[in-house]
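Just so you know, these numbers use all the heavy atoms, side chains as well, and skip hydrogens, waters and symmetry mates.
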Amino acid sequence: MSNTQQEIATPDNIATDKVRSQALKIGTTKWLTYTALFTALALMMKVIGQIGTLNDISKITAIYAIWLIAAAVLGPVGGGTVCFISDVVIALVFPKGVINPFITLVCTLYGVLAGLILKHTPTKSYRIRFLLAGVICAFVCTFVLDSLAIWGWCKYYLKLGSFMESGKNGIFWIYMASRLFQLLMAIANTVIAIALIPALKRLKLLPPVKKRKQAAA
């Protein structure tokens, strides 16, 4: 028997082995490489989404899963960068009139908000972190803010008339109702991202979970 005693694996050690030893620093070569990689994956999903377009505001796409994973790996700044670049580039490649800057802003916010939730949610479970980030971003960004962005662009830039009519037939509410499919698609993407967590851990792409400091007795 060797005189060197091997370290006994504890749950904390096992969890640590499945993620990176430290968080990526913004601007480093590895950070830029991962940003470029996730941007390329997001663009690929965007292109596929163009094929799976049901109408102008409903698409079958896996872009939200890539955005969530990018936010988890790169943090709020990297997640927002990936969302911003992928949205702008695809709008230039597949132009449908003038780029709506509000949509681009909402897409960027999706990555930033997801990154903040994934980073600061007080739990060691990445499944819970992904679930919270995915559901919150799907509702706030994909459903509510995207609807406002489309409505505002039509009303104030395209000058298509007063869309904020009172009553059940107001066009704004029709826009929100039409975004229900995309809301469900974003939530489905959250499930996909959660299913990929074991693979992300094996590749050591996820940053370490910070332990909460216990209050002094």
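No continuous path of hydrophobic side-chain contacts links Leu184 to Ile194 [ILVMFWY only; heavy atoms under 4.5 Å]. Put simply, Val191 and Tyr126 are part of two different groups of oily side chains (I, L, V, M, F, W, Y) that touch within less than 4.5 Å, one to the next. At a threshold of 4.5 Å between side-chain heavy atoms, the hydrophobic network of Ile, Leu, Val, Met, Phe, Trp and Tyr places Leu41 and Met185 in one connected group. A continuous path of hydrophobic side-chain contacts links Ile192 to Phe181 [ILVMFWY only; heavy atoms under 4.5 Å]. Hydrophobic clustering of Ile, Leu, Val, Met, Phe, Trp and Tyr side chains at less than 4.5 Å, counting indirect connections, keeps Val112 apart from Ile117.
Summarising the geometry, atom CZ belonging to Phe102 is positioned 12.5 Å from atom CG belonging to Asp146; distances are rounded to the nearest 0.5 Å. For the atom pair CD1 of Ile60 and CD1 of Ile48, the computed distance is 12.0 Å after rounding to the nearest 0.5 Å. Rounding to the nearest 0.5 angstrom, the gap separating the CG atom in Leu109 from the SG atom in Cys137 is 7.5 Å. Rounding to the nearest 0.5 Å gives a distance of 6.0 Å between OG1 of Thr104 and CD1 of Ile99. The CE atom of Met44 sits 10.5 Å away from the CD1 atom of Ile63 when rounded to the nearest 0.5 Å. Between Ile136 atom CD1 and Leu116 atom CG the span is 11.0 Å, to the nearest 0.5 Å.
Between the side chain of Thr142 and the backbone N or O of Phe139, no donor-acceptor pair lies under 3.5 Å. No donor-acceptor pair closer than 3.5 Å links the side chain of Gln182 to the backbone N or O of Phe143. Not one N or O on the side chain of Thr121 forms a donor-acceptor pair closer than 3.5 Å with the backbone of Thr123.
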*Start with the C-alpha distance between Val144 and Arg179, add both sets of side-chain angles, then the distance that settles side chain to side chain contact (heavy atoms under 4.5 Å, CB included), and finish with yes or no.*
CA-CA 9 Å; Val144 177; Arg179 293 295 293 177; over 6 Å; no
*asked:* Evaluate Leu205 against Tyr34 for side chain to side chain contact (heavy atoms under 4.5 Å, CB included), listing each step before the verdict.
replied: CA-CA 9 Å; Leu205 289 175; Tyr34 283 160; 3.6 Å; yes
*For Val47 and Leu43, run side chain to side chain contact (heavy atoms under 4.5 Å, CB included): C-alpha distance rounded to whole Å, both residues' side-chain angles, the deciding distance at 0.1 Å, then the answer.*
CA-CA 6 Å; Val47 171; Leu43 287 173; 5.5 Å; no
*Should Ile187 and Leu183 be marked as a side chain to side chain contact (heavy atoms under 4.5 Å, CB included) after you check the CA-CA gap, both sets of side-chain angles, and the distance that decides it?*
CA-CA 6 Å; Ile187 293 176; Leu183 172 63; 4.2 Å; yes
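For the residue pair Ala138 and Ala186, the shortest heavy atom distance occurs at CB-CB, 3.6 Å. When all heavy atoms of Thr81 and Trp31 are compared, the closest pair comes out as OG1-CH2, 4.4 Å. Nearest heavy atoms, Gly27 versus Leu32: O-CD1, 3.8 Å. Residues Met45 and Ala62 approach most closely at SD-CB, 3.6 Å, considering heavy atoms. Closest of all the heavy-atom pairs between Thr190 and Gly134 is OG1-CA, 3.2 Å. Between Ala65 and Asn189, the closest heavy-atom pair is N-OD1, 3.0 Å.
Between Trp67 and Tyr64, the ring-plane angle classifies as perpendicular under the 30° and 60° cut-offs.
Considering only heavy atoms from C-beta on, Thr108 stays 4.5 Å or farther from Asp87 through its side chain.
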